[in-house]
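Some notes on the structure that comes next.
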Amino acid sequence: MGRIDAVFTQLAPQFGQSIMTDRLALDEAASWLDGTRNGELKHREVLVQSCQVQERPSVGVRRVDAMLQKENGFHSGNWSTNIQVSQMIRPYWQTECNGRLFEPGRLRQSDLKPAMESIWNSVDDLFALDKIQERLERYATTTRNASGLDEGTTLVRVMHLREKDTRHAHPSPVFTHGWFLIGERGQIRHEVMIGHSRICLAMMDRARADLSFERFDCRDLLKIEDGVEVFVDSAVEDRVRQNRMPDTVMAAPRG
């Protein structure tokens with residue numbers, strides 16, 4: 001299977017990463033650069049790369065493939081689409097939020113609550129989530145960094161929305177294929193597949209490929225660190241200038 005052109009965007013860890021194959025890398029970088037300079041965008045940490053990714057196979061179900069195309073696959077961070085619901089999970093040892101201090105684990109539990117208490121959960125989902133919580137408990141003591149924090153993660157429900165005409169016949173309006181726990185740099189920390197049908201296998205494979213951020217021939221186009229432009233490719237500057245030019249130039253009046 002071949003490779004296709006893509007653009008990789010990474011913001012500060014709390015805002016996540018994404019890979020897009022339906023947008024030119026120069027346009028994405030120019031949009032971030034222009035938006036940052038004019039004050040519309042407030043992110044202080046931005047990395048945009050031109051890259052290639054492995055071509056994604058279809059899952060073989062036309063309706064689900066249409067959802068994947070519409071959403072441009074799976075993404076890390078806080079998302080709610082027809083194919084995923086995901087939530088960023090703060091580290092166990094992160095205790096400060098909006099100027100207030102909480103006991104260790106309180107913020108992490110708050111982030112986990114929507115998934116744990118979702119009305120969409122089946123018995124299999126609850127079993128999977130219990131295993132994920134056990135894994136997070138181990139991280140709290142084994143992955144602490146120099147700042148004393150364990151790793152932040154993203155919890156992803158891989159699913160697809162059922163057809164409207166059939167939703168009433170099921171306990172949940174979504175069909176869940178499995179769960180991923182993703183590390184801050186796209187590492188697959190844990191995964192649980194629910195069911196073993198062909199579409200479950202295909203959806204989990206697709207999600208794994210998208211969420212792991214495996215990419216090739218990467219080239220930096222834009223890098224902003226702590227609000228400062230560290231690197232801007234000259235082609236990005238050119239694209240910003242082109243985008244600012246009017247579509248037409250009025251001819252000077254005669255006489």
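Values in this document were obtained by computation on a predicted structure and should not be read as measured data.
For D65 against G60, the heavy-atom pair with the smallest separation is OD2-N, 3.2 Å. The two residues A140 and W93 make their nearest non-hydrogen contact at O-NE1, 2.7 Å. Across all non-hydrogen atoms, the minimal contact from R108 to L136 is NH1-O, 3.1 Å. Smallest separation of non-hydrogen atoms from C200 and F175: SG-CE2, 3.8 Å. Between D210 and G73, the shortest heavy-atom contact is OD2-CA, 3.3 Å. Nearest heavy-atom pair, M159 versus T176, reported as atom, atom and distance to 0.1 Å: CB-CA, 4.0 Å.
When side chains are defined from C-beta on, D130 counts as touching M116, because their heavy atoms get closer than 4.5 Å. With a 4.5 Å cut-off on side-chain heavy atoms, Q54 and E214 do not count as touching. Considering only heavy atoms from C-beta on, I19 stays 4.5 Å or farther from V7 through its side chain. Side-chain atoms of F180 and T154, non-hydrogen and from C-beta on, never get closer than 4.5 Å to each other. With a 4.5 Å cut-off on side-chain heavy atoms, L33 and R239 do not count as touching. At a threshold of 4.5 Å between non-hydrogen side-chain atoms, the residues D217 and R3 count as touching. Between D233 and R219 the shortest side-chain heavy-atom distance falls below 4.5 Å. In this structure the side chain of E71 never reaches within 4.5 angstrom of the side chain of Q84, judged on heavy atoms.
L101 contributes atom CG, which lies 5.5 Å from atom OG1 of T95 (distance to the nearest 0.5 angstrom).
Looking only at distances, a side-chain donor or acceptor of D125 sits under 3.5 Å from a matching main-chain atom of S122.
In summary, D34 and R37 do not engage in a salt bridge, as defined by a charged side-chain N under 4.0 Å from a carboxylate O. The pair R135-E191 does not meet the salt-bridge criterion, since no charged nitrogen lies less than 4.0 angstrom from a carboxylate oxygen.
Considering only residues two or more places apart in sequence or on other chains, R62 meets the salt bridge (Lys or Arg N to Asp or Glu O under 4.0 Å) condition with none of them. For H75, the ring pair (Phe, Tyr, Trp, His ring centres under 6.0 Å) test picks out W79, with sequence neighbours left out. By the salt bridge (Lys or Arg N to Asp or Glu O under 4.0 Å) test, D22 pairs with no residue at all, sequence neighbours left out.
For CD of E229, the number of neighbouring non-hydrogen atoms (other residues, nucleotides, ligands) closer than 6.0 Å is greater than 12. The environment of F127 atom CZ is sparse: at most 12 non-hydrogen atoms of other residues, nucleotides or ligands sit within 6.0 angstrom. The environment of CZ in R106 is sparse: at most 12 heavy-atom neighbours from other residues, nucleotides or ligands sit within 6.0 Å. Annotation: I119, atom CD1; neighbour count of heavy atoms from other residues, nucleotides and ligands within 6.0 Å does not exceed 12.
Taking the six-membered ring where the residue is Trp, F8 and F213 present perpendicular rings, their angle passing 60° and hence far from 30°.
Side-chain contact, N82 with R63: no donor N or O sits under 3.5 Å from an acceptor N or O.
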